[in-house]
Amino acid sequence: MEKKSLFLYFLAFLLGLSLINMFFLFLHYLPAVPDSMFYFYPDQQFNLSAFQRGFIPLWNPLIGCGSPHLADWSSSVFYFPNWIWNFTGLPQGYMTLALAHVLFAFIGFYLWLRSQKVDFFWCFLIALAFVTSGHWVQCWGLSPLLATASLIPWIFWNLQKALSQNHPKWWFLASLFLGIQLLAGYPFFVFYTWLVAVIWFLFQKPSSLVVLRFALALSGALALSCVQWLPFLDFCSYGIRSLYIQNLPYFDRPAEFLTLLQPDILGFPGREGYPGAVANWIFGDLYLGLIPLILWISTFLRPGSQEKQNWFWAWAALLILFIMACLNFPIAKGPLLSILELINPSKAVCIFIFAALTSAALSLNSFFQNASGSKKSPWVWIIALFIVVNCFWTPTRLLHLVANPYENTQYKTSAGQVSLAVGLHRILSLKTNSFRFEFNDFYEKSSIGPILSFLPNTNMVSNIRSASAYLTFTSSSYNELIKYLLKGFPYEGDLLDIADVGLLLLPQSPNSRKFKTVGKLNDNFLIVNQQAPGPMLYVPDSIEKSNRPEVLYALALPKSLWRQKVYLEKNNNGSDLALEPARRNLVFAPTEGIKKPIGSRASFSQNFPAKGFVTFNESCVPGWHAWVDGKPEPILRAYGLFMAVPLSEGGQHQVDFRYEPASFRLGAFISLLSLGLLGFCGINRRRRR
């Protein structure tokens, strides 16, 4: 026991040195993973910018012609550990917080295994294996995934404590951790965590009273996090998955399961001859270490020797693995395939690793408890050595860091040049379809190349508006615009003008009179659209069409006279397709001219020559409201994609647009009320004691 303690003290010292070393190594660096650079980092930069300006980022005007931001669950707006970036800044704090989550998950998994009566020596080693497994290392730079996964062991530890002690504080903590996981930003990990937690909890055969308390804990978690998931459900009612991530082939190739044996056995995703699906860049790594894998498999080879808990976790891991593999079987075709695509089986990989490593730890503990002293000693150190070596080996194989491209001087210079050229208008870069190939030789090439193309979402870091977006849940109208953009050159129609695309970054200059090439930025031409109107526009007349396809077809052609006539649609009963007006007047301060959309607000004030319409080219989705001179007005869907408000007469008017979805107001009310009730109950109980 004394040797074990000394060994663990040495390991703890080594782990501490590694974390300190990685802290300095990670400063101003990012993992060479597209989702980290193109999606999560810009998202968090937008959150940070919004908070520093003093508003909640409900709406993102910088991507996809405007898109709900808070309702996109992975935005993790209310996940409070991320707020530390307000003090550290994102470049310095992004990977630092990732390391903090790794340490947090390590402690949580250690406590979870201790609650399962595993020896402290094996708890330490298997917890270390958990946070250095293949999938975990690849998640280090993906903040919402890492944050959501790091709470898994804490949830099960609190539930175990609540089951064994049945004390209110453990039920409260379990509810709190479940709620925080909902806010962390990755719903697929939440879904699989809650699914396995419910099954495991019922497997313990609790009493009816304990089941009721568990149900109350789950309800409390839902109430606390209502401010996040309720807007998401609202968004699901009219939003769709982005065009670029339809029908991703998760785990439909048997070769992908070879990653159980070695994390990089298939090579680098995206290179020629790669036998797996590139879509499984992050989720295709099942590696949990060869020794833990052998220990997990050995559980099935010793029937009758395993205890109740070990039996559950061993078979749970096997069942999860089968769910991930079922796309390879004929039974998964047909109606079942649509269900599998909805729940994305590959994203159960984190709970699979949790279950398999829990089973491995229980199996290991059981073996050495039953083994005699002479057989035990050498194997203890052999297994421990293999686990430790593997824990420090895996990150070196999978974690490839590159200098933060957003801090690159060349990027900052280019961003200033683009920002000056685009002004209030939107940018469009059509390298979206080929962005994966930019990463084929990512480790050999500089990471700055793709970023300098200002691919969708990267523009958010420099506060530049874009007509396109990458990996996001969007309104259906946005995908209609994308289909138009993918048609190719030349863009002679009027839809780009209406979408306020004022600057195009393209690898070739279009042969069109509409666009003017003003220079070259790295490998792209800077192409100015001189007909971009700006965020808001006065249009004197209207024309009606029966549906959106008719509107978009007309606007895809030139000379649609869209500046003189706003294109409107009819709904099923023959009236104009419109969003309901707000139920209150707006107290406003008069402004002059156009205000650039900031967050969820924009204003337009001028002297109008006659009655007509004010158009606003942000995506028309439920939650937007408009006021004319402080009085609510309905919003008509204009040009199939955007918004328009009618003016009954000419003269001086101010038109205000605000994005205030009822789902957010209701969710915020329920969350604050629940938080207040929990706080009151906690204070009241303490006073009684």
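Computed from a predicted model, the values in this text were never measured in an experiment. Sequence positions, counted from 1, serve as the residue numbers for this chain.
- At least one side-chain heavy atom of Leu202 sits less than 4.5 Å from a side-chain heavy atom of Val198.
- Residues forming a ring pair (Phe, Tyr, Trp, His ring centres under 6.0 Å) with Phe257 (at least two apart in sequence, or on another chain): Phe251.
- Using modelled atom types and a 3.5 Å distance limit, the side chains of Ser74 and Tyr39 yield a donor-acceptor pair.
- Side chain of Tyr192 to main chain of Phe352: no donor-acceptor pair is present (N/O by atom type, distance under 3.5 Å, no hydrogens or angles).
- For Ala197 against Phe214, the heavy-atom pair with the smallest separation is O-CZ, 4.4 Å.
- Taking the ring centroids of Phe354 and Phe109, they lie under the 6.0 Å cut-off.
- The main-chain N or O of Ser346 is never found under 3.5 Å from a side-chain atom of Asn344 such that the two would form a donor-acceptor pair.
- Annotation: side chain of Leu159 is in contact with side chain of Trp200 (closest heavy-atom distance under 4.5 Å).
- A distance-only check finds a donor-acceptor pair linking the side chain of Trp296 to the backbone of Ala314 [under 3.5 Å].
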Begin with the C-alpha distance, continue with both residues' side-chain angles, and end with the deciding distance and a verdict on side-chain contact (heavy atoms from CB on, under 4.5 Å) for Gln181 and Thr193. CA-CA 9 Å; Gln181 191 192 42; Thr193 301; 3.3 Å; yes

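- Asn60 has its side chain within reach of Met460: a pair of non-hydrogen atoms, C-beta onward, lies under 4.5 Å apart.
- Within the 4.5 Å cutoff, the side chain of Pro263 has heavy atoms near those of the Trp393 side chain.
- Between His167 and Trp171, every side-chain heavy-atom pair lies at or beyond the 4.5 Å cut-off.
- Taking the centre of each ring, His135 and Tyr287 stay at or above the 6.0 Å mark.
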Begin from the C-alpha positions of Gln262 and Asp264 and carry the test side-chain hydrogen bond (donor to acceptor under 3.5 Å, both in side chains) through to its verdict. CA-CA 6 Å; Gln262 184 179 324; Asp264 55 353; 3.0 Å; yes

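- Of all heavy-atom pairs between Pro206 and Val211, the closest is CG-CG2, 3.6 Å.
- For the pair Ser674 (side chain) and Ile670 (backbone), a donor-acceptor distance under 3.5 Å is present.
- Annotation: the span from Ser175 atom OG to Leu216 atom CG amounts to 9.0 Å, rounded to 0.5 Å.
- Smallest separation of non-hydrogen atoms from Asp119 and Asn365: N-OD1, 2.9 Å.
- In this structure, a donor-acceptor pair under 3.5 Å is absent between the side chains of Asn47 and Gln45.
- Residues Trp122 and Ile383 have side chains in contact (heavy-atom distance under 4.5 Å, counting atoms from C-beta outward).
- With sequence neighbours excluded, no residue forms a ring pair (Phe, Tyr, Trp, His ring centres under 6.0 Å) with Phe392.
- Aromatic pair Phe189/Tyr186: ring centres closer than 6.0 Å.
- The distance from the CD1 atom of Ile353 to the CG atom of Leu286 is 7.0 Å, given to the nearest 0.5 Å.
- With Ser36 contributing its side chain and Ala32 its backbone, the two residues share no donor-acceptor pair below 3.5 Å.
- Checked by atom type and distance alone, the side chain of Arg114 pairs as donor or acceptor with a backbone atom of Val118 at under 3.5 Å.
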CA sep, side-chain torsions, deciding dist, call: Tyr94, His101, ring pair (Phe, Tyr, Trp, His ring centres under 6.0 Å): CA-CA 11 Å; Tyr94 188 82; His101 278 106; over 10 Å; no

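- Rounded to the nearest 0.5 angstrom, Leu151 CG and Leu176 CG are separated by 9.5 Å.
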Run the side-chain contact (heavy atoms from CB on, under 4.5 Å) check on Asn166 and Arg213 step by step: do they pass? CA-CA 9 Å; Asn166 203 20; Arg213 290 184 173 180; 2.9 Å; yes

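- Ring geometry, Trp315 versus Trp311: the interplanar angle falls from 30° to 60°, so the pair is classed tilted.
- For the ring-ring contact (aromatic ring centres under 6.0 Å, His included) with Phe130, the lone residue among Trp136, Phe106, Phe124, Trp112 that qualifies is Trp136.
- In Leu261, the CG atom is crowded: over 12 heavy atoms of neighbouring residues, nucleotides or ligands sit closer than 6.0 Å.
- Taking the centre of each ring, His69 and Phe664 stay at or above the 6.0 Å mark.
- Atom CZ of Phe203 sits in a crowded spot, with more than 12 heavy atoms from other residues, nucleotides or ligands closer than 6.0 Å.
- Relative ring orientation between Trp154 and Phe104 is described as parallel, the plane-to-plane angle staying below 30° on a 0-90° scale split at 30° and 60°.
- A ring-centre distance under 6.0 Å is found for Trp313 and Phe156.
- We find the CG-CG distance between Leu293 and Asn390 to be 11.0 Å, quoted to the nearest 0.5 Å.
- Residues Trp59 and Pro68 meet the side-chain proximity criterion, which asks for heavy atoms closer than 4.5 Å.
- For Phe232, the ring pair (Phe, Tyr, Trp, His ring centres under 6.0 Å) partners are Trp73, not counting sequence neighbours.
- Side-chain atoms of Ser150 come within 3.5 Å of backbone N or O of Ala147 as a donor-acceptor pair.
- Put simply, the side chain of Ser671 gets close to the backbone of Leu224: a donor and an acceptor are under 3.5 Å apart.
- Considering every non-hydrogen atom in both Ser75 and Asp43, the closest pair reads CA-OD2, 4.3 Å.
- Just one of Leu125, Ile291, Leu290 meets the side chain to side chain contact (heavy atoms under 4.5 Å, CB included) condition when paired with Phe386; it is Ile291.
- For the residue pair Trp229 and Leu222, the shortest heavy atom distance occurs at NE1-O, 2.8 Å.
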Yes or no on side-chain contact (heavy atoms from CB on, under 4.5 Å) for Asn457 and Tyr41, after CA distance, side-chain angles and deciding distance? CA-CA 9 Å; Asn457 287 46; Tyr41 187 93; over 6 Å; no

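- Atoms CG and SG, from Leu128 and Cys391 in turn, are 4.0 Å apart once rounded to the nearest 0.5 Å.
- In the model, Ser359 has a side-chain atom that pairs as donor or acceptor with a side-chain atom of Asn310 under 3.5 Å.
- In this model, no donor atom of one side chain and acceptor atom of the other lie less than 3.5 Å apart for Thr358 and Gln116.
- Annotation for Gly667 and Leu230: closest pair N-CD2, 3.8 Å, computed over non-hydrogen atoms.
- Val210 places a side-chain heavy atom less than 4.5 Å from the side chain of Phe201.
- Donor-acceptor pairing under 3.5 Å is lacking for the side chains of Gln228 and Ser76.
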Ser237 vs Leu233, test: side-chain contact (heavy atoms from CB on, under 4.5 Å). Steps then yes/no. CA-CA 7 Å; Ser237 66; Leu233 290 183; over 6 Å; no

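- The backbone N or O of Ser363 sits nowhere less than 3.5 Å from a side-chain atom of Ser366 that would complete a donor-acceptor pair.
- In summary, the aromatic rings of Phe120 and Tyr110 are positioned with their centroids too far apart to meet the 6.0 Å limit.
- Separating the OG atom in Ser133 from the CG atom in Asp285 is a distance of 8.0 Å, to the nearest 0.5 Å.
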